[in-house]
There are 2 protein chains.
Amino acid sequence: MRVKEGNKEKDIVEAAVDIFAKHGFHKAKISQIAEQAGVATGSVYLYFKNKDDILIKIYNSLWEKLYNELLTVTRNEALSPIEKIDAMIDLIFDMFTENPSVTIVFVNEQENMNRVSGDKYSLFYEKFLDEGEKVIKEGISSGMFNKNIDLKIFRHFIFGSIRNLLHQWAITPDKLPLNKIRHNFKFLIKHGIMK
Amino acid sequence: MRVKEGNKEKDIVEAAVDIFAKHGFHKAKISQIAEQAGVATGSVYLYFKNKDDILIKIYNSLWEKLYNELLTVTRNEALSPIEKIDAMIDLIFDMFTENPSVTIVFVNEQENMNRVSGDKYSLFYEKFLDEGEKVIKEGISSGMFNKNIDLKIFRHFIFGSIRNLLHQWAITPDKLPLNKIRHNFKFLIKHGIMK
DNA sequence: ATTAATAATGAATGATAATTCAAAAATAAA
DNA sequence: TTTATTTTTGAATTATCATTCATTATTAAT
């Protein structure tokens, strides 16, 4: 019997990330993804139920990875709350540094993923932020962080700003060095703009 | 001769905002927009070149309004830099408070608008941020703001955070009062999270 | 070698929905 | 009234792809 050669599923995902980043999910054609992955159009459907399924699998693996790394940070009792915040920011930046296309898809297709995945997307998002929120709570009880800040507001604040910065970086990676962005970002989150 | 009755263009735009917010630009059907606007499908094409054109006109008018209001703030010499920042934040919040659907479209369809409008979207975005940046510069020269903050980074930081907060509010307007969000937001921008 | 699976292909199918346009409706002017 | 002009209609046209599936290719086992 014939046997699978190479890793077509991986090839397809990688091509899809590229094409989704370039044209957006809705304008991306399965035939083009297949071509770039070096397989026939129909083969895509041997590995994925449909077009939505490709997007879902991309997000699942990203969130999975993000969440697992987050846990290693939040569970590290050697770190102070502020060190944990830094480590969390690093984790997100590191995750996306490798690949601007992945970043663009993650940032741009959130809404499509949301629509396509039932409530899977928002579950990931909330679970991640819930875990991160624990760190903020620690920081407040330890007296390091300002206790008047609403936790729900802060989580959307920080996620929105990081998302937009990564996006802008990913569009033109050479315009601003990611390390400078990261450094400024950490400062702004901690101290804001006023002296 | 027959004469135009009512304001069909406005009816279509309002319906489109609603439908775009509910289903997203690509899943939104012209026939459904027409139905909700109380006109025939074909009539949409008397007022708009095509579907893209509807989105473009929505954004144009939003950015136009945002930019004009920004100018009245930045040109007001009676205000200190920090008062201007507050006024700028108020202006954006006020703009979107009225209508969650407009907010959702503005936030979600940015990328489609970008693809569809040539570089019109990014011109608006940059023009707006350039004008806002002047205020930050004033704040730095007057010694109020921290001079180590990169202006390009700050603009994407603040825009991303405000965008996400408005989005989360618009999805479930009753979950968090917008005034509380606004208040926390102003504080975080100025002082960050640390005591 | 031959067979029996399984993998892979890509042209054909089908569904969807944007856009067009010939016909109908409305009304200002004659 | 009738006419001329402009607006509106919505069914027909058209374009675009996602998805399917009959066919072909490949190779492990016999």
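Chain letters run A, B, ... following the sequence lines, proteins first and then strands; every chain starts at 1.
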Do other residues, nucleotides or ligands put more than 12 heavy atoms under 6.0 Å from A:Lys190 NZ? yes
Assess A:Lys195 against B:Phe145: is NZ or CZ under 6.0 Å from the centre of the six-membered ring, and within 45 degrees of the ring's axis? no
Just N and O in the side chain of A:Lys8: are any of them under 4.0 Å from OP1 or OP2 of C:dA8? yes
Apply the test ring-ring contact (aromatic ring centres under 6.0 Å, His included) to residues A:Phe20 and A:Phe25: give CA-CA distance (whole Å), side-chain angles for both, the deciding distance (0.1 Å), then the verdict. CA-CA 5 Å; A:Phe20 288 168; A:Phe25 179 71; 5.1 Å; yes
Using the six-membered ring wherever Trp is involved, compare the ring planes of B:Trp63 and B:Phe159 and label them parallel, tilted or perpendicular (cut-offs 30° and 60°). parallel
Spacing between A:Ile33 atom CD1 and D:dC17 atom P, to the nearest angstrom: 12 Å
Kindly compute the distance separating CE (B:Met95) from CG (B:Leu66), expressed to the nearest 0.5 Å. 4.0 Å
With a 4.0 Å cut-off on N to O distance, would you call B:Glu126 and B:Arg155 a salt bridge? yes
Report the distance from atom CD of A:Glu9 to atom C1' of C:dA8, rounded to the nearest whole Å. 16 Å
Is a salt bridge present between A:Lys65 and A:Glu69, judged by a nitrogen-to-oxygen distance below 4.0 Å? no
Check ion pair B:Lys84-B:Glu138 (N to O, under 4.0 angstrom): yes
Taking five pairs at each terminus, the helix from C:dA1-D:dT30 to C:dA30-D:dT1 shows an axis bend, to 10°, of 10°
Looking at residues 10-30 of chain B, who's got a heavy atom less than 4.0 Å off DNA chain C? B:Ala28, B:Lys29, B:Ile30
Which protein N or O atoms sit under 3.5 Å from an N or O of nucleotides 10-13 of chain C?
| from | atom 1 | to | atom 2 | distance (Å) |
| --- | --- | --- | --- | --- |
| C:dG10 | N7 | A:Gly42 | N | 3.1 |

Could you list the residues that satisfy side-chain contact (heavy atoms from CB on, under 4.5 Å) with B:Thr41, not counting sequence neighbours? B:Ile30, B:Ser31, B:Ala34
How far apart are the C-alpha atoms of B:Phe124 and B:Tyr59, what are their side-chain angles, what is the distance that settles it, and do they pass the ring-ring contact (aromatic ring centres under 6.0 Å, His included) test? CA-CA 9 Å; B:Phe124 271 133; B:Tyr59 268 96; 8.9 Å; no
Looking at A:Lys134 and A:Asp130, does any basic side-chain N land under 4.0 Å from a carboxylate oxygen? no
Within 6.0 Å of NZ in B:Lys120, more than 12 heavy atoms from elsewhere: no
Which residues in residues 46-56 of chain A have at least one heavy atom lying under 4.0 Å from any atom of DNA chain C? A:Leu46, A:Tyr47
Mind telling me whether B:His191 and B:Phe187 have parallel, tilted or perpendicular rings, with 30° and 60° as the class edges? tilted
How about A:Trp169 and A:Phe93: are their ring centres within less than 6.0 Å of each other? no
Contacts under 3.5 Å, N or O only, protein and nucleotides 27-30 of chain C:
| from | atom 1 | to | atom 2 | distance (Å) |
| --- | --- | --- | --- | --- |
| C:dT27 | O4' | B:Met1 | O | 3.2 |
| C:dT27 | O2 | B:Met1 | N | 2.3 |
| C:dT27 | O2 | B:Met1 | O | 3.1 |
| C:dA28 | O4' | B:Met1 | N | 3.3 |
| C:dA28 | N3 | B:Met1 | N | 3.1 |

In terms of heavy-atom contacts, does NE2 of A:His26 have more than 12 from other residues, nucleotides or ligands at under 6.0 Å? yes
